[in-house]
Amino acid sequence: MQIVIAGGGPGGAVCARTLAKAGHRAILIEASRSSDKPCAGGLPSMLFEHYAIPDLLVKQRTSGVIFQAPSGLRIHAEFPEGQYIATVNRHEFDSHLRWAAEDAGAIQVDGRVLGYDEKGNKLLVRYRGPDGNVRTTEADYLIGADGAHSRVARQTMGELLPMVIGIQEVIEPVPDRMQVLGNNCLFNYSPAVSPDFYGWIFPKGEQVSVGIGTRLENRTKLQTLLNRMKEMHSDLLEGGKSIKRNGALIPSGQYKEHGLRRVLLVGDAAGFVLSASGEGIYFAMRSGEIAAEAIVAFGEKRSDILVSKYTDMVNREISPIFNYFSKIERITYKSTVNREVFVRLTKDKFMARKILSAFSTKIRYRTPFFKKIAVMFELLAIRLNVALTVSRHPDFGK
Ligand SMILES: Cc1cc2nc3c(=O)[nH]c(=O)nc-3n(C[C@H](O)[C@H](O)[C@H](O)COP(=O)(O)OP(=O)(O)OC[C@H]3O[C@@H](n4cnc5c(N)ncnc54)[C@H](O)[C@@H]3O)c2cc1C
């Protein structure tokens, strides 16, 4: 089979590699090999185990997280043994994944996919080459791995998914100040830096990525929110050298089926980003791999059921993680008190380990344990609410 993959980010590259390894002709069309996707590049330890990513690509392997509550309270928690979040430079990381695809036999083509036409059992994929000329190539299947603005998804599904937005500034702090962060990521849950989600600082060797995510309605406040995040962490960032500031859309939500007929969508094009954390690299890679596995298993004989098989495979593995994390998201970001409670939970060593494991391994807790956490959460929230109400009472302190 000949499969065209539109987009050579993490999703497309892993898909092309898996197809080529299975002996199929995988054509990976990438619009801009030199591009550096606006991204913090924070990756969970399970990704490194699953995809054998070379150490050379790691900018920093963090051993813990500093959680900052809306009240300003900072709590430091260590990852359990063997778990971590590591950071990479996206240009290097994506180039490595594309090289690995080529090494497995995939063909890399420079070009921007414009769309496709269906012709019997084949697709005719149109793309514009670097010389400006439009060319076509035939395909049995097309993978839409062309990111949040996916042309393939727009043509196939009729519309793009709803979006949120992420913005970051890469800063080289004054070296002495790096000790404020130590070997940790920092997550700031104050609604002042993001009324919808959170702010982050990821260390990347001598640099850090400072960023926030928010809903599109707040896009006019983006720069203000990021500046506020920088002010709140001036103990680390003051005097630092700004390297670049950039941002991009992040899809939120997924389609009912992850493709149509001979087209499968992976990664951001399919909406596989956890909106609670803005994390999408692992899910792009895994969905790319699953799409390839579905094509290998069903592509030759059962093209009629390919999309539903792929959707089932994704729904069995990825969707439960999304449902689980969206529950946590709904509870955590519901109110300022809940944000405060979420951070305060990490004061408890056992809870901290559980929360950090969820970040680094994507494990989900069984329902009874989750319910226990929810009850603890509610109790703490009530206690904190009462404490706040009492402390705001005019008679308080008399
Ligand atoms: C500010 C910010 C910070 C983030 N931080 C993190 C983080 O720390 N950790 C994490 O896991 N996720 C993070 N994300 C999300 C992550 O960047 C994406 O989920 C991930 O890149 C999705 O991978 P992908 O392969 O689906 O798409 P992309 O990485 O977007 O790759 C798509 C590729 O397709 C190419 N392309 C686009 N259109 C075409 C076309 N028409 N034809 C051919 N090629 C095309 C592009 O050049 C690109 O190389 C962040 C996002 C933002 C905005």
Side-chain angles (χ1 to χ4, degrees), residues 4-16 27-44 46-47 59 62 85-91 93-95 97-98 108-116 125-130 142-155 163-170 185 187 194 197-204 209-214 222 226 244-252 265-289 291 359 362:
V4 169
I5 300 105
V14 168
C15 184
I27 303 177
L28 182 62
I29 307 184
E30 166 56 43
S32 168
R33 279 205 233 186
S34 58
S35 86
D36 187 5
K37 157 109 206 212
C39 179
L43 305 176
M46 41 113 64
L47 182 149
K59 292 288 161 214
T62 63
I85 288 179
T87 51
V88 294
N89 166 304
R90 277 299 298 272
H91 176 60
F93 185 73
D94 292 15
S95 303
L97 295 179
R98 285 195 292 271
Q108 280 209 67
V109 173
D110 290 322
R112 182 171 292 280
V113 171
L114 303 173
Y116 63 91
V125 180
R126 272 175 286 116
Y127 67 97
R128 191 184 300 282
L142 171 63
I143 305 291
D146 45 347
H149 298 267
S150 173
R151 284 195 186 221
V152 177
R154 197 195 299 261
Q155 177 176 349
M163 300 282 167
V164 299
I165 191 160
I167 181 172
Q168 67 160 356
E169 185 167 335
V170 177
C185 317
F187 299 147
S194 169
F197 306 113
Y198 74 122
W200 69 78
I201 300 182
F202 279 113
K204 300 178 110 173
S209 155
V210 186
I212 60 120
T214 187
L222 263 185
L226 183 58
K244 63 181 169 190
R245 199 180 254 221
N246 55 20
L249 293 179
I250 300 174
S252 138
L265 303 174
V266 307
D268 276 17
F272 297 136
V273 189
L274 282 180
S275 50
S277 61
E279 200 188 329
I281 299 170
Y282 171 74
F283 299 105
M285 292 167 78
R286 191 63 194 120
S287 60
E289 193 177 12
F359 274 118
K362 302 288 166 283

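The structure displayed is predicted, hence computed values, not measured ones. As a basis for the values below, the full set of heavy atoms in this structure was taken, side chains included, without hydrogen atoms, waters or symmetry mates. In listed order, ligands and their atoms are each counted from 1.
For the pair Phe202/Val210, no side-chain contact is recorded, criterion being any heavy-atom separation below 4.5 Å from C-beta on. Between Leu249 and Val164 the shortest side-chain heavy-atom distance does not fall below 4.5 Å. Between Cys185 and Trp200 the shortest side-chain heavy-atom distance does not fall below 4.5 Å. Two residues are said to be in side-chain contact when any heavy atoms from C-beta on lie closer than 4.5 Å; Asp268 and Lys37 meet this criterion. Inter-residue side-chain proximity for Ile143 and Val4 is flagged as unmet; no heavy-atom pair is nearer than 4.5 Å.
In this structure a side-chain-to-backbone donor-acceptor pair under 3.5 Å is missing from Ser252 to Met163. With Asp110 contributing its side chain and Arg33 its backbone, the two residues share no donor-acceptor pair below 3.5 Å.
For atom 12 (N) of ligand 1, the choice among Ala40, Gly280, Pro10 with the nearest heavy atom turns out to be Gly280. With distances taken over non-hydrogen atoms, the option nearest atom 13 (C) of ligand 1 out of Gly166, Gly278, Gly115 is Gly278.
When non-hydrogen atoms are compared, ligand 1 lies under 4.0 Å from the side chain of Ile250 (C-beta onward) but not from its backbone. The proximity of Arg112 to ligand 1, defined as any non-hydrogen pair under 4.0 Å, involves the side chain as well as the backbone.
Looking only at heavy atoms of the protein, atom 39 (C) of ligand 1 is closest to Asp146 CB, 3.6 Å. Ala284 CB, 3.5 Å is the protein heavy atom nearest to atom 23 (O) of ligand 1. Protein heavy atom at the shortest distance from atom 32 (C) of ligand 1 is Ala145 O, 3.5 Å. Ranking the protein heavy atoms by distance from atom 29 (O) of ligand 1 puts Arg90 NH2, 2.9 Å first. Residue, atom and distance of the protein heavy atom nearest to atom 41 (N) of ligand 1 are Val113 O, 3.0 Å. Ranking protein heavy atoms by distance to atom 6 (C) of ligand 1, first place goes to Cys39 SG, 3.4 Å. Residue, atom and distance of the protein heavy atom nearest to atom 9 (N) of ligand 1 are Gly42 O, 2.9 Å. Considering only non-hydrogen protein atoms, atom 34 (O) of ligand 1 sits nearest to Gly7 CA, 3.2 Å.
Within a 6.0 Å radius of CZ in Arg126, other residues, nucleotides and ligands contribute more than 12 heavy atoms.
Rounding to the nearest 0.5 Å places CZ of Arg128 at 13.0 Å from CD1 of Ile29. Rounding to the nearest 0.5 Å gives a distance of 13.0 Å between CD1 of Ile5 and CZ of Arg98. Taking OG1 of Thr214 as the reference point, atom CZ of Phe197 lies at 7.0 Å (rounded to 0.5 Å).
Against a heavy-atom cut-off of under 4.0 Å, Gly267 is close to the following atoms of ligand 1: 26 (O). When each atom of ligand 1 is checked for a heavy atom of Gly9 under 4.0 Å away, the hits are 25 (O), 31 (O), 33 (C), 49 (O). The ligand atoms of ligand 1 that sit less than 4.0 angstrom from a heavy atom of Gly41 are 7 (C), 8 (O). Of all atoms in ligand 1, numbered sequentially from 1 with element shown, those under 4.0 Å from a heavy atom of Lys37 are 17 (O), 18 (C), 21 (O), 29 (O), 30 (O). The ligand atoms of ligand 1 that sit less than 4.0 angstrom from a heavy atom of Ile29 are 43 (C), 44 (N).
Put simply, part of Gly111 is less than 4.0 Å from ligand 1, judged by heavy atoms.
For ligand 1, the polar-atom distance check against Glu30 finds a nitrogen or oxygen pair separated by under 3.5 Å. Close N/O approach between Gly11 and ligand 1 is found [any backbone or side-chain N/O within under 3.5 Å]. When only interatomic distances are considered, the shortest N/O to N/O separation between Asp268 and ligand 1 falls below 3.5 Å. Of the polar atoms of Ala31, at least one N or O is found under 3.5 Å from an N or O of ligand 1, judged by distance alone. Between Phe202 and ligand 1, no pair of N/O atoms sits closer than 3.5 Å.
Salt-bridge annotation for Arg112 and Asp146: absent, with no side-chain N of the basic residue lying under 4.0 Å from a carboxylate O of the acidic one.
No option in Asp94, Leu97, Leu43 other than Leu43 meets the side chain to side chain contact (heavy atoms under 4.5 Å, CB included) test with Ile281.
Checked against the 6.0 Å centroid threshold, Phe272 and Tyr282 do not count as a close aromatic pair.
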